[in-house]
Protein chains: 2
Amino acid sequence: MASRTRKTPETRRAEITRAAAHLISRHGYNGISLKDVADLVGMSQPGILHYVGSKEGLLSLLVTDIYDVNGTPEEFVQTGLPGSDPTHPRLPAYFDYLVEHNAGRPELTRLYTVLQTEAIAPNHPLHDYFIRRPDSVWEHYSAFPWKLPDGLEWERDMRDYVRMSLEVMDGIQIRLLRKPEIDYVQEWRRFGNLLFPSPTWDDCR
Amino acid sequence: MASRTRKTPETRRAEITRAAAHLISRHGYNGISLKDVADLVGMSQPGILHYVGSKEGLLSLLVTDIYDVNGTPEEFVQTGLPGSDPTHPRLPAYFDYLVEHNAGRPELTRLYTVLQTEAIAPNHPLHDYFIRRPDSVWEHYSAFPWKLPDGLEWERDMRDYVRMSLEVMDGIQIRLLRKPEIDYVQEWRRFGNLLFPSPTWDDCR
DNA sequence: CAACATATCTAATATGCATTAGATATTTAT
DNA sequence: ATAAATATCTAATGCATATTAGATATGTTG
C-alpha cells in the first residue's frame, strides 16, 4: 500500500494544476480523466476532487492561472523595455513582448491554444469565456495610450492590426503544437515586419 | 415504436457523414458519442455501427471526405482561372482559390480546424495524419511548376511563404470558429497583400 | 503527548458509452 | 408472392468514469 504523504494545500494545488496543464494541453479537457491527473500527481481520484470539487473545478484553476500569467499590457509598461514608456507605449513592442512571454511558457501556451479550440462547443465549460475573449481583449488594450504613426487613430484604424496580429499568433501556435521546437519569436518577427513596416512604423515600434 | 425506414447504403452513409461532420466540427471527436450521431441521423447506435464498424471508422469516413474535397493544386490548374495556367501556375492565385474553396465549405473547414488541434494528442486516431500533413503538403506543392518572381527559387525561398500562408489560414480559421459570420476571403486578402506585395509579385499573382 | 482538523484513502454508486448478439422488418429478385 | 439479402432494431455486456460516503492516517497546536 502506498505510503500516504501529506503536503500543504498550496503545494498540492500547484502539483495538480501542473499535472492538469500538462495533460490537458496535450489531450484536451474531454481527452483526460480525473484518474489521469491523479496518477500523474501520485494520489487518488477523490484526493484530486478534495481540492477541485469537480472536473470543471479543475479547469477553473487553470484559467485563473492562464489569466494571471498572460503577459498583459500592464505588465509590459512596467518592464522599462524599449517602447514600454507608460505614457506612450507602442503596440508592436508590446506584441513582441507578448510573444516572448508566451514562448517562455510553452505549456500554458499549448494549453491556451487547445482549450480555445475545444471551447467552441456550446456546452464546454469555457465556451463563454473564450467567446468573449476577443472583445474583452480589445477593450483591455483600448485603455492604453498607444503611440501610433501620424494619421492613424486607435478606434478607427487599429482594430485590423490587433485582430490580424492575434490571428497570426494563433496560427503560429497551432504550428507549435505539432513542432514544439520551432522558434515562436523568430516566426512572429517575420509577420511583425510585414504588419508594421518601415517607414510608417519606424518611430512607433 | 419508431417506424423503421430503410434507405440505400449510399444515402445512409451520406446522412451519417453529414451528421458526424456537423457534430464533430463543433464538439470534437472526444466530445461526441455514437448515440449523438445516431440521434441526429434518426437511427439507433448499432445502426450507425453497421455502417462505420467502430467509432474510429466514423472518422475515417470524414477524413477521406476532407481529403477528396480539399481544393488541391491539381483542381486549381484545371479551372482556367487567372494564374491557373498549368505550365505556369501562380502560388498567390492558388492560395486565393484555396481560401475561396474552403470559405464555401464552412462545415468541413471547421471540422478540419477542430480535428487538427485535437489530433495533437499522441493517442488520437488522426495524430499521424496531421503530423505528416505539413511535409506532405509541401511535397505535393513541390510537384508543380510555379511561376515565381525573378530571383526567387522554389526550394530555396518558398518554404517560408508557404508555411506562413498556411499559418495565416489556420489563424483565421480559429477566429472563424467563434465568429462564423466573418468573411474568410476578405480577411485572407489582407494577408495575401502583405505576403505577396507589389511590385515584386505583380507578374506572379 | 493528547486532541483536533483535515488531507488522503478505499469502497460503493450510478451513469454513459462502445461494442456484441441475436431478432425483426423491409427491399429486391425470382 | 415467396425467398434471399440485409438494413435496422432491442437487449445485453463490460468497461471507464465522475461523484459520494465513510474510514484512516498525518500534521499541528495546545
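Note on naming: letters A, B, ... go to the chains in the order of the sequence lines (proteins, then strands), and numbering restarts at 1 for each one.
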message: I'd like to know if the side chain of B:Ser84 pairs up with that of B:Arg90 as donor and acceptor (distance under 3.5 Å, no hydrogens or angles considered).
response: no

is_close_aromatic(B:Tyr161, B:Phe196), centroid dist under 6.0 Å: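 When the ring centroids of B:Tyr161 and B:Phe196 are compared, they turn out to be within the sub-6.0 Å range.
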
Among [options], the one nearest [X] by side-chain distance:
{"X": "B:Pro9", "options": "D:dA7, D:dA18, D:dA11", "result": "D:dA7"}
{"X": "B:Met43", "options": "D:dG27, D:dC9, C:dA18", "result": "D:dC9"}
{"X": "A:Tyr51", "options": "D:dA18, C:dT8, C:dT19", "result": "C:dT8"}
{"X": "B:Ser44", "options": "D:dA21, D:dA7, D:dT10", "result": "D:dT10"}
{"X": "B:Ser33", "options": "C:dA11, C:dC17, D:dA5", "result": "C:dC17"}

query: What is the nucleic acid contact for A:Leu34, judged by heavy atoms within less than 4.0 Å: base, sugar-phosphate only, or nothing?
result: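 Contact class for A:Leu34: sugar-phosphate only.
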
query: Nearest nucleotide by nearest heavy atom, which residue falls closer to the 5' end of DNA chain C, A:Lys7 or B:Leu49?
result: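 Per heavy-atom nearest nucleotide, the more 5' residue is A:Lys7.
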
Are OP1 or OP2 of [N] and a side-chain N or O of [X] less than 4.0 angstrom apart?
{"X": "A:Lys35", "N": "D:dT17", "result": "no"}
{"X": "A:His50", "N": "C:dA7", "result": "yes"}
{"X": "B:Gln45", "N": "C:dA18", "result": "yes"}
{"X": "A:Arg6", "N": "C:dC9", "result": "no"}

May I have the list of side-chain donor-acceptor pairs in residues 166-175 of chain A shorter than 3.5 Å, sequence neighbours left out?
residue: A:Asp170; atom: OD1; partner: A:Gln116; partner atom: NE2; Å: 3.4
residue: A:Gln173; atom: OE1; partner: A:Tyr184; partner atom: OH; Å: 2.7
residue: A:Gln173; atom: NE2; partner: A:Thr113; partner atom: OG1; Å: 2.9

Starting from [atom2] on [N], measure out to [atom1] on [X] and report it in whole angstrom.
{"X": "A:Asn30", "N": "D:dA18", "atom1": "CG", "atom2": "C1'", "value": "14 Å"}
{"X": "A:Asp36", "N": "D:dA18", "atom1": "CG", "atom2": "P", "value": "8 Å"}
{"X": "A:Arg13", "N": "C:dT6", "atom1": "CZ", "atom2": "P", "value": "13 Å"}

- prompt: For A:His88, does the NE2 atom have more than 12 heavy-atom neighbours from other residues, nucleotides or ligands under 6.0 Å away?
  reply: no

